[in-house]
Amino acid sequence: MSEDKIGFIGVGNMGGPMALNLVKAGRRLVVHDMRPDSLKPFGNQVQIASSPAEVASEAEIVVASLPRPEIVHDVVFGDKGVAAGTRRKIFVDLSTTGPRMAKIIAAELGKRGVVALDGPVSGGVAGAVKGNVAVMLAGPKREADIVAPLLAPMGKVFYIGPEPGMGQVMKLINNVLSATAQAATAEAIVMGVKFGLDPTLMIEVLNAGTGRNSATDSKWPNEILPRRFKGGFATGLMVKDLKLALETAEDLHVPMWVANAVKQLWLYAEGRGGPDQDITELVKHLEAWTGVTVKGK
Ligand code: NAD
């Protein structure tokens, strides 16, 4: 199976560079995306398919990197979906879709003789381009062992466990922390600027101290201080991840006071700036409240 083509559905901000890294590593790909623009970077290096069913009739292993759970469900089970393909044996969902959807997909595909794995990724667009995302693979070990080496050019593949959804829960935990770091950092830096502190110096100090986190480490120096705001992750997708995390916590009767407060701030940002605003633009809403602009030198 390892010599076979890999099907890749959804080549947007994350899927595009991850699929390109597979191509660079010599994997043969059959690709589908509903936006013709997203297929341009591949030139004639991959086979293009006109539907998910066509992908799944060409490849035994089909991976998807799509925005939301309901879209993944539709791409798998809808008209001309993956399930309608003739060759598909393993489906891997690289999207962040939560454990509920992972369980539904695994159960429904299982009835059709297809093994589903969840394999959400972390590392952002920068990690996807560099080939160093973390892939959080879960599902039957036998199929995970087949898939892991095939996806290795995308980054580091971790096997989280045998139950569908375990990779998704790992990913949601990661994003709760990432969303919290960004929200808390934005609040704190805005407070410092309001007092008259220099934001560039503040980030340098935090990165030399215990306040260091994924926002101070890369997002602030690369995207926010230069006011580029091109992190490549939409606010609407972050809100989706926080909703999935809190829904999972509720299913488990686990209280999450901090994550609920963090979600309110992201919902506010989504309401004001729209779902397509880059996540690094969160700080703009705190600037508007306080009347300061955070700009690096
Ligand atoms: P994106 O919107 O940039 O890419 C999604 C792609 O799927 C697009 O090219 C779109 O055209 C395609 N698509 C949508 N619906 C489709 C359909 N019905 N049929 C075929 N193609 C379809 O999103 P993204 O930022 O690449 O995120 C993808 C997933 O990865 C999401 O679940 C997101 O939460 C997760 N994720 C994103 C990042 C990030 O930094 N952007 C990081 C980690 C995980």
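In what follows, every heavy atom counts, from backbone to side chain, and hydrogens, waters and symmetry copies are set aside. Bear in mind the structure is a predicted one, so any value in this text is a computation, not a measurement. All ligand and atom numbering here is 1-based and tracks the order in the structure.
Of the charged side-chain nitrogens involved, at least one lies within less than 4.0 Å of a carboxylate oxygen, so that Arg227 and Glu287 count as a salt-bridged pair. A salt bridge is defined here as a Lys NZ or Arg NE, NH1 or NH2 lying under 4.0 Å from an Asp or Glu carboxylate O, and Lys297 with Asp198 meets this definition. Under 4.0 Å is where a charged nitrogen must lie from a carboxylate oxygen, and between Arg100 and Asp251 at least one such pair does. Under the 4.0 Å criterion applied to side-chain N and carboxylate O atoms, Arg87 and Asp4 are assigned as salt-bridge partners. Comment: Lys284 engages Glu281 in a salt bridge, judged by a side-chain N to carboxylate O separation of less than 4.0 angstrom.
In the hydrophobic clustering of ILVMFWY residues, with side-chain heavy atoms under 4.5 Å counting as a link, Val133 and Ile6 come out together.
The shortest separation from a heavy atom of Lys171 to ligand 1 is under 4.0 Å, placing the residue in contact. Using 4.0 Å as the threshold, Arg68 has no heavy atom nearer than that to any atom of ligand 1. The shell of residues lying under 4.0 angstrom from ligand 1, judged by heavy atoms, excludes Asp74.
Closest to atom 35 (C) of ligand 1 among all protein heavy atoms lies Thr96 OG1, 3.7 Å. Among all protein heavy atoms, the one lying closest to atom 41 (N) of ligand 1 is Gly232 O, 2.9 Å. The nearest protein atom to atom 20 (C) of ligand 1, hydrogens excluded, is given as Met34 N, 3.4 Å; this is a heavy-atom distance. Taking atom 44 (C) of ligand 1 as the reference point, the nearest protein heavy-atom neighbour is Val121 O, 3.5 Å. At the top of the distance list for atom 9 (O) of ligand 1, counting protein heavy atoms only, stands Asp33 OD2, 2.7 Å. In terms of protein heavy atoms, atom 36 (N) of ligand 1 is closest to Met14 CG, 4.0 Å.
By the 4.5 Å heavy-atom criterion applied to side chains, Phe229 and Ile224 are counted as neighbours. Contact of the Thr96 side chain with the Lys240 side chain is registered, since non-hydrogen atoms from C-beta on lie closer than 4.5 Å. Side-chain contact between Phe91 and Ile105 is present, with heavy atoms from C-beta onward closer than 4.5 Å.
Judged by distance alone, the side chains of Asp93 and Thr97 do bring a donor and an acceptor atom under 3.5 Å apart.
The heavy atom nearest to atom 2 (O) of ligand 1, out of those in Ala234, Pro67, Gly231, is found in Pro67. When the options Leu66, Asp93, Leu237 are ranked by their closest heavy atom to atom 32 (O) of ligand 1, first place goes to Leu66.
Under a 3.5 Å cut-off, the side chain of Trp266 and the backbone N or O of Thr235 do not form any donor-acceptor pair.
For the pair Gly10 and ligand 1, the shortest N or O to N or O distance does not fall below 3.5 Å. Considering backbone and side-chain N/O of Arg35, one or more are found under 3.5 Å from N/O of ligand 1. Not a single N or O atom of Val75, backbone or side chain, sits closer than 3.5 Å to an N or O atom of ligand 1.
With a 4.0 Å heavy-atom cut-off, ligand 1 is reached by no atom of Val133. Residue Asn13 touches ligand 1 through backbone and side chain together, judged by heavy-atom distances below 4.0 Å.
Within ligand 1, the atoms closer than 4.0 Å to a non-hydrogen atom of Gly12 are 3 (O), 4 (O), 6 (C), 8 (C), 9 (O), 26 (O), numbered from 1 in the order shown. Residue His32 approaches ligand 1 through these ligand atoms, each under 4.0 Å from one of its heavy atoms: 20 (C). Atoms of ligand 1 lying under 4.0 Å from any heavy atom of Lys240, numbered from 1 in the order shown and given with element: 31 (C), 32 (O), 33 (C), 34 (O). Each of the atoms 32 (O) of ligand 1 lies under 4.0 Å from some heavy atom of Ser95.
Between the CD1 atom in Ile279 and the CE atom in Met238 there is a gap of 4.5 Å [rounded to 0.5 Å].
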